[in-house]
2 protein chains.
Amino acid sequence: MMIKKFKNLGLKLTPQRLAILNLLEGNAKHPSAEEIYNQLKPQYPSLSLATVYNTLEILAKAGELQEIRIKADKRHFDPNPAPHGHFLCRSCQSIYDLDAGPLEIQTPLNIKGYLVEEYTLYFYGICPRCWKKSSGK
Amino acid sequence: MMIKKFKNLGLKLTPQRLAILNLLEGNAKHPSAEEIYNQLKPQYPSLSLATVYNTLEILAKAGELQEIRIKADKRHFDPNPAPHGHFLCRSCQSIYDLDAGPLEIQTPLNIKGYLVEEYTLYFYGICPRCWKKSSGK
DNA sequence: TATTAATTTAGAATGATTATAATTTAATAT
DNA sequence: ATATTAAATTATAATCATTCTAAATTAATA
């Protein structure tokens, strides 16, 4: 997984980076940098937010994770770098992976002369859990 | 167009707002708040950035324009509130409208239990003009 | 023309992210 | 094991788009 990639990139494998990698591995919650920082701080009291950002940026540039800008103010991070849609629940503010069949496209592709290398697909609405809650009352 | 809407909303029609509305009308350049401010400043020396933001926010809430968050750092604004894709050229940084047939969907819709009220579609790549430039050399 | 609530304004505040510069450390060769 | 050194970490400051604030101005109405 990611750990191998780190070595391949000629990067040092520090305890901080390892902790961040482990937290991200298989994590479907799409945490923000601050959330990662807060979760690791108790175990790594010396951890700095700058290190979290630094590590995330390295991983993003290496294609090992993707940044999600589905919210106005904050970035979130997805350890799954494969292109797929994301859904923001306007009620609970959770971010979910959401693949929408017909919207899946293969990049790169050409649309009307525009060379599309990447694309993002963000959905906004109400998640099943919140929907159930509100209608169940 | 927008001017009528302003009155309907019970809002005052000030010179500043009128200038912003006129600048946006039919504008396909997707300007940022600062670009709007800089373009109007010569004619309206007293204009404040806060007023630009304020007006844009009112228009967005009234459904008269849409915010575009295709860039990391800055918001851009589109006077066309209808849902459609946007393209950011990684070479010239221009933002273009780009409708992609198969990706067009009707909201609201339900995807796997998620109630999708809105969605955004952002494309990243090289625009025809920059593509021509680079290959023509 | 007076009244008043809405708007504008300059400047301060906010807050996520990035930069800085000194300190520490992982990895390598000795 | 140890020394070496380039890379990483850290605390803190800086950045910068956006929002807030409170005082001054003004559009709309009577």
Side-chain angles (χ1 to χ4, degrees), chain A residues 2-21 23 30-62 65-77 88 93 95, chain B residues 2-21 23 30-62 65-77 88 93 95:
Chain A
M2 289 186 184
I3 294 172
K4 282 185 186 171
K5 278 289 175 83
F6 242 98
K7 296 224 162 178
N8 291 348
L9 292 168
L11 300 166
K12 290 185 180 176
L13 195 50
T14 66
Q16 294 88 337
R17 283 176 175 173
L18 205 55
I20 294 168
L21 289 174
L23 187 151
H30 309 92
S32 67
E34 202 182 7
E35 284 165 353
I36 294 171
Y37 172 76
N38 287 333
Q39 283 181 46
L40 296 178
K41 192 70 176 172
Q43 294 207 44
Y44 299 84
S46 83
L47 183 66
S48 165
L49 235 190
T51 297
V52 176
Y53 274 107
N54 175 32
T55 302
L56 291 171
E57 195 190 339
I58 288 171
L59 290 171
K61 278 190 179 163
L65 63 73
Q66 64 178 303
E67 301 185 355
I68 303 172
R69 288 202 276 268
I70 202 170
K71 280 191 189 177
D73 44 342
K74 247 180 209 167
R75 275 186 296 171
H76 290 256
F77 299 87
L88 173 64
Q93 299 294 307
I95 296 170
Chain B
M2 289 185 183
I3 295 172
K4 282 185 187 170
K5 279 290 175 82
F6 243 99
K7 296 223 163 180
N8 290 349
L9 293 168
L11 299 166
K12 289 185 181 177
L13 194 50
T14 66
Q16 295 89 337
R17 284 175 175 173
L18 205 55
I20 294 169
L21 289 174
L23 187 151
H30 310 94
S32 65
E34 202 181 8
E35 285 165 352
I36 294 171
Y37 172 76
N38 287 333
Q39 283 182 47
L40 296 178
K41 192 70 176 170
Q43 293 207 44
Y44 299 84
S46 82
L47 183 65
S48 164
L49 237 190
T51 298
V52 175
Y53 275 107
N54 174 31
T55 303
L56 290 171
E57 195 190 339
I58 287 171
L59 290 171
K61 278 191 180 163
L65 62 74
Q66 63 177 302
E67 301 184 356
I68 303 172
R69 288 202 280 265
I70 202 169
K71 280 191 188 177
D73 44 341
K74 247 180 210 169
R75 274 187 296 169
H76 290 256
F77 299 87
L88 173 64
Q93 299 293 308
I95 297 170

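Quick caveat: nothing in here was measured; it's all calculated off a predicted structure. Chain letters run A, B, ... following the sequence lines, proteins first and then strands; every chain starts at 1.
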Quick one: which protein N/O atoms are closer than 3.5 Å to N/O atoms of nucleotides 27-30 of chain D? Pair and distance per line, please.
unit_1, atom_1, unit_2, atom_2, d
D:dA27, N3, B:Lys12, NZ, 3.1
D:dA28, OP1, B:Leu13, N, 3.2

Quickly work out the [X] [atom1] to [N] [atom2] distance and round it to whole Å.
{"X": "A:Tyr37", "N": "D:dT10", "atom1": "OH", "atom2": "P", "answer": "9 Å"}
{"X": "A:Glu57", "N": "C:dA19", "atom1": "CD", "atom2": "C1'", "answer": "11 Å"}
{"X": "A:Leu49", "N": "D:dA8", "atom1": "CG", "atom2": "P", "answer": "19 Å"}
{"X": "B:Ile36", "N": "D:dA17", "atom1": "CD1", "atom2": "P", "answer": "14 Å"}
{"X": "B:Ile58", "N": "C:dA6", "atom1": "CD1", "atom2": "P", "answer": "12 Å"}
{"X": "B:Glu35", "N": "D:dA17", "atom1": "CD", "atom2": "P", "answer": "11 Å"}
{"X": "B:Glu67", "N": "D:dT18", "atom1": "CD", "atom2": "C1'", "answer": "11 Å"}

Taking only side-chain nitrogens and oxygens of [X], does any of them come within less than 4.0 Å of OP1 or OP2 of [N]?
{"X": "B:Arg17", "N": "C:dT8", "result": "yes"}
{"X": "A:Ser48", "N": "D:dT9", "result": "no"}
{"X": "B:Asn54", "N": "C:dT7", "result": "no"}
{"X": "A:Tyr53", "N": "C:dT17", "result": "yes"}

- Item | Option among B:Arg75, B:Lys71, B:Arg69 that satisfies the side-chain contact (heavy atoms from CB on, under 4.5 Å) test with B:Asp73 | B:Lys71

Where is the tightest heavy-atom contact between [X] and [Y], given as atom of each residue plus distance?
{"X": "A:Ser46", "Y": "A:Lys41", "value": "C-NZ, 4.1 Å"}
{"X": "A:Ile20", "Y": "A:Val52", "value": "CD1-CA, 3.9 Å"}
{"X": "A:Tyr37", "Y": "A:Ser48", "value": "CE1-C, 3.8 Å"}
{"X": "B:Ile95", "Y": "B:Leu88", "value": "CG1-CD1, 4.0 Å"}

- Mind running side chain to side chain contact (heavy atoms under 4.5 Å, CB included) on A:Gln16 and A:Thr55 for me, showing each step along the way? CA-CA 9 Å; A:Gln16 294 88 337; A:Thr55 302; 6.0 Å; no

- Query: With side chains defined as the heavy atoms from C-beta onward, is the minimum distance between B:Phe77 and B:Glu67 less than 4.5 Å?
  - Reply: yes

- Message: Quick check: do B:Ile36 and B:Leu56 have side-chain heavy atoms less than 4.5 Å from each other?
- Response: yes

- Query: How would you label the contact of B:Ser46 with the nucleic acid (heavy atoms, under 4.0 Å): base, sugar-phosphate, or nothing?
  - Reply: sugar-phosphate

- With a 4.0 Å heavy-atom cut-off, tell me which residues in residues 68-77 of chain B come close to DNA chain D, sorted by residue number. B:Asp73, B:Lys74, B:Arg75

- Message: Measuring from the side chain of B:Ala50 (C-beta onward, heavy atoms only), which nucleotide among C:dT8, C:dA16, D:dC20 has the closest atom?
- Response: D:dC20

- Could you state the interatomic distance from CG (B:Asn54) to CG (B:Leu49), rounded to the nearest 0.5 Å? 11.5 Å

- Above 12 or not: heavy atoms from other molecules or residues under 6.0 Å from CD of B:Gln43? no

- Under 3.5 Å donor-acceptor, B:Arg17 side chain and B:Lys12 backbone: yes

- Query: Counting distance only, does the side-chain N/O of B:His76 pair as donor-acceptor with the main-chain N or O of B:His30 below 3.5 Å?
  - Reply: yes

- Quick one: bend of the helix from C:dT1-D:dA30 to C:dT30-D:dA1 from 5 pairs per end, to 10°? 30°

